[in-house]
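Working notes for the structure below.
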Amino acid sequence: MTSGVGYSEVLLILLVMVIFINPKQIPGLIRKFFKITAQLRAAVKKFLDEMEIK
């Protein structure tokens with residue numbers, strides 16, 4: 001399953017982040033994003049596993 005996000009979209013997002021967000025805050029925001037993404041994936045996986053068992 002692909003997310004459909006290519007290199008050009010990632011570069012555009014990074015450019016917008018540099019323009020509107022303090023560059024010193026970017027690493028922390030990226031960490032938070034990946035942490036939230038991991039938690040969301042785990043929750044979806046748990047939900048799907050529970051639905052298949054029952």
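In this structure, NZ on Lys45 lies 11.0 Å from CD on Glu50, to the nearest 0.5 angstrom.
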Which atom pairs, donor and acceptor, lie under 3.5 Å between side-chain atoms of residues 11-38 and protein residues at least two apart or in another chain?
residue : atom : partner : partner atom : Å
Asn22   : OD1  : Lys24   : N            : 3.3
Thr37   : OG1  : Phe33   : O            : 2.7

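Among residues two or more places apart in sequence or in another chain, the side chain to side chain contact (heavy atoms under 4.5 Å, CB included) test is passed with Ser8 by none.
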